[in-house]
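Report on the structure given below.
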Amino acid sequence: MDKIIIYQIFTRLFGNRNVSRKENGTIAENGCGKMADFTPKVLKDIAAMGVSHIWYTGVIRHATQTDYTSYGIPRQHPAVVKGKAGSPYAITDYYDIDPDLAVKVDERMSEFEQLLERTHAAGMKVVIDFVPNHVARQYHSICKPKGVKDLGADDQPQHGFDPQNNFYYCPGQRFEPYFDLYQGEKNPYHEEPAKATGNDCFSNAPSKNDWYETVKLNYGVDYYAGGIGYFEPIPNTWRKMTDILLFWAAKGVDAFRCDMAEMVPTAFWSFATQTVRAKYPDIQFIGEVYNPAEYRHYLSAGFDYLYDKVGMYDTMRSVIDHHAPTAAISHVWQQTDDIRNHMLYFLENHDEQRIASDFFAGNGAKGVPAMIASVLMQQNPFMLYAGEEYGERGMDAEGFSGRDGRTTIFDYWSIDTLCRAANKKLTDEEKQLFDIHKKILQIARKEKSVADGLFFDLMYVNGHLQRQYAFLRRVDKDLLLVVVNFEDHEVDVDVCLPAHAFDFLQLKETTVLATDLLTKEKESMKLQKDASVHMKIAARSGSVWKLKV
């Protein structure tokens, strides 16, 4: 088994080297990254970091204010588009590729297929978004295969709910949200009857805080009657959405990151994952599920991995900010211990604030101990967000996104650290941060004890460690002793190795030569039951000692 390391790339931003960065700028003003930017050399460098999977975020065609009507692509009304570039989670055609990403718009699908081939040739797998809960208000597929009917094509909008409708409706009511429906246009946006909004707002008047640019898909659940499910006969939406998964699987996509998976019933996921795997047995499903009480239901429905957001992410964030002791890490992994291999760890993604932002830690280096622990402590996958490895701050006021400590998903922009990395203009601190990320990811991929080894948490006998976290990993004759330091200064620590660790990991008392895989420093280490190992650990860093036992 290999350790899975997912590199999330916001495709529109990654390769864009235009540094105009005009607030609310157009594609002509601010530029846009292309699929062609992922050259064999770029992909080789990404793979060399230790990455196994690339999640190309936002490749399916979504609502935008950029006009592509000259290519036969329907124009979206700006009243129902967030930002100039638009949200990749407001999809307008599930069978199409975002034209922004193509060098030649008419050849955008071919360019995506070539990107798949190049990524596979570089030894990595491809993850794309599947957004099952909602679509853009003006969804209309111009690229659907022959014989495929569009979402909503056979709906009966006079019924607020019908098990075979694709959408939910507000019969007899026009769409009348909080905002100006003209948005500078000659004609207003018109929708009658109004459709329910993606975040379960079953009203014709969504607020500014609702996902007003989206419409909710109907999987046979009658929310108007309190959430009763009508799953026999199989709802029409189930078949249409499963066909979309099969379409992309046939292209060679290896995994789907399923947006807001818990807003869609598990009955659908069981149907869809079984149907897709009958043809493509190796396909993987990653679910964005935030309710721990639902984790096991979604895993039973066919998911391989689930976001560990409200557990591990939230806890690591508190520990980084010194709002919680490191013992909290032990507490949180124990809550999902029976499903630990299915939990996806991360410290950043497009929804969360950057570690280096003023809203989080203010400095990317402060996340290093959490990164080391998150990557090395279990066998489960880890996800890195492009720019995180350089300490990207996400403190730009890009436009619709605003200055919120996140990298925009709504605007045409470029990422400062990625531009400077490409031009070899990183600061020494940024180079050091990249270096430690690369070392840890490579250790995770190369060391069998990380991918396959047993895990033993040392915190229960090391209560004196309030800002450090320590654990062991073992497979065959390889033993790793990992100790990370969340303090802002160097520490001298004594780490106790309990007798139970020797029994559980089948270790013998001995003295061996240990090598720190991060610094290559070597020292003699005495392993004795209920005795301590002494070490110095740099500020906001860690030691990864490898021993042959």
Side-chain angles (χ1 to χ4, degrees), residues 3-14 35 38 46 51-62 87-91 94 97-98 101 112 115-116 119-120 124-135 198 211 214 217 241-242 244-264 266 268-269 272-273 276-277 280 282-291 294-295 298-299 301-310 312-313 339 341-352 374 380-388 406-407 409:
K3 177 83 170 182
I4 292 175
I5 303 292
I6 301 170
Y7 191 49
Q8 183 192 0
I9 288 172
F10 201 82
T11 320
R12 171 201 303 157
L13 303 180
F14 185 85
M35 293 179 283
F38 296 92
I46 292 171
V51 171
S52 61
H53 293 58
I54 297 184
W55 167 16
Y56 291 111
T57 305
V59 294
I60 297 177
R61 182 159 69 81
H62 55 267
S87 167
Y89 297 100
I91 286 175
Y94 269 118
I97 288 292
D98 178 14
L101 304 177
F112 174 73
L115 174 62
L116 270 169
T119 309
H120 288 152
M124 293 177 290
K125 294 186 174 180
V126 171
V127 184
I128 67 166
D129 290 287
F130 176 60
V131 188
N133 175 67
H134 50 270
V135 292
W211 305 348
T214 68
L217 283 165
M241 299 306 283
T242 302
I244 288 161
L245 289 166
L246 288 165
F247 173 84
W248 292 105
K251 295 277 182 197
V253 166
D254 303 288
F256 296 100
R257 179 267 183 190
C258 302
D259 184 71
M260 298 310 294
E262 70 181 302
M263 296 182 80
V264 174
T266 53
F268 162 73
W269 290 116
T273 57
V276 175
R277 287 199 178 105
Y280 305 98
D282 296 328
I283 209 93
Q284 292 177 314
F285 290 87
I286 302 162
E288 186 184 20
V289 177
Y290 292 134
N291 182 359
E294 293 294 329
Y295 286 170
Y298 281 84
L299 290 173
F303 278 95
D304 297 278
Y305 308 108
L306 302 176
Y307 273 39
D308 200 332
K309 156 63 171 102
V310 299
M312 191 56 74
Y313 169 83
I339 53 171
N341 291 347
H342 300 284
M343 303 312 295
L344 172 67
Y345 289 170
F346 59 88
L347 294 170
E348 289 188 2
N349 64 42
H350 69 274
D351 285 319
E352 308 301 340
S374 297
N380 57 325
F382 178 79
M383 181 169 72
L384 184 77
Y385 189 29
E388 178 183 346
R406 297 174 179 86
T407 294
I409 67 168

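Just the heavy atoms: all of them, side chains too, but no hydrogens, waters or symmetry mates, feed the values below. Numbers for residues simply follow the sequence, beginning at 1.
The shortest distance between side-chain heavy atoms of Thr11 and Phe38 falls below 4.5 Å. Residues Thr57 and Tyr89 have side chains in contact (heavy-atom distance under 4.5 Å, counting atoms from C-beta outward). A heavy-atom distance below 4.5 Å is not found between the side chains of Arg406 and Asp351. Between Tyr7 and Met124, the closest side-chain pair of non-hydrogen atoms is not below 4.5 Å. In this structure, the side chains of Lys309 and Glu352 come closer than 4.5 Å at one or more pairs of heavy atoms. Between Pro132 and Leu217, every side-chain heavy-atom pair lies at or beyond the 4.5 Å cut-off. In this structure, Thr407 and Phe10 have side chains that are not in contact, with every pair of non-hydrogen atoms separated by 4.5 Å or more. Looking at Ile60 and Asp129, their side chains never come closer than 4.5 Å, going by heavy atoms from C-beta outward.
Annotation: the span from Asp98 atom CG to Ile91 atom CD1 amounts to 10.5 Å, rounded to 0.5 Å. To the nearest 0.5 Å, atoms OG (Ser87) and CH2 (Trp211) are separated by 10.0 Å. Within the model, atoms CD of Glu288 and CZ of Phe303 stand 10.5 Å from one another, a figure rounded to the nearest 0.5 Å. A distance of 4.0 Å separates CD1 of Ile46 from CZ of Phe14, quoted to the nearest 0.5 Å. To the nearest 0.5 Å, atom NE2 of residue His342 and atom CG of residue Leu306 are 8.5 Å apart. In this structure, the separation between CD1 on Ile6 and NE2 on His53 is 6.0 Å, given to the nearest 0.5 Å.
Note on ring orientation: taking the six-membered ring where Trp is involved, the planes of His350 and Trp55 are perpendicular (angle over 60°, cut-offs 30° and 60°).
For the residue pair Thr119 / Tyr56, a side-chain donor-acceptor distance below 3.5 Å is found, with atom types taken as modelled.
Residues Ala249 and Val276 share a closest heavy-atom pair of CB-CG1, 4.5 Å. Pairing each heavy atom of Phe346 with each of Tyr313, the nearest pair is O-CD1, 3.5 Å. Across every non-hydrogen atom of Phe382 and Ser374, the tightest pair is CE1-CB, 3.7 Å. In this structure, Thr214 and Ala90 approach most closely via the heavy-atom pair CG2-CB, 4.1 Å. The two residues Pro381 and Asn341 come nearest to each other via the heavy atoms CD-O, 4.0 Å. Nearest heavy-atom pair across Pro88 and Gly58 is CB-CA, 3.6 Å.
At least one donor-acceptor pair under 3.5 Å links the side chain of Asp304 to the backbone N or O of Phe285. Within the 3.5 Å criterion, the main-chain N or O of Asp259 finds no donor-acceptor partner in the side chain of Asn133. Lys3 contributes a side-chain N or O that, together with a main-chain N or O of Asn380, makes up a donor-acceptor pair within less than 3.5 Å. For the pair Ser52 (side chain) and Ile5 (backbone), a donor-acceptor distance under 3.5 Å is present. The main-chain N or O of Phe130 is never found under 3.5 Å from a side-chain atom of Trp248 such that the two would form a donor-acceptor pair.
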Item checked: side-chain hydrogen bond (donor to acceptor under 3.5 Å, both in side chains) between Tyr305 and Arg257, intermediate numbers included -> CA-CA 9 Å; Tyr305 308 108; Arg257 179 267 183 190; over 6 Å; no
Next item on the list: Step by step, work out the side chain to side chain contact (heavy atoms under 4.5 Å, CB included) result for Leu116 and Val253.
Entry: CA-CA 7 Å; Leu116 270 169; Val253 166; 4.3 Å; yes
Check: Please walk me through it: do Gln284 and Ile4 pass side chain to side chain contact (heavy atoms under 4.5 Å, CB included)?
Finding: CA-CA 12 Å; Gln284 292 177 314; Ile4 292 175; 4.0 Å; yes
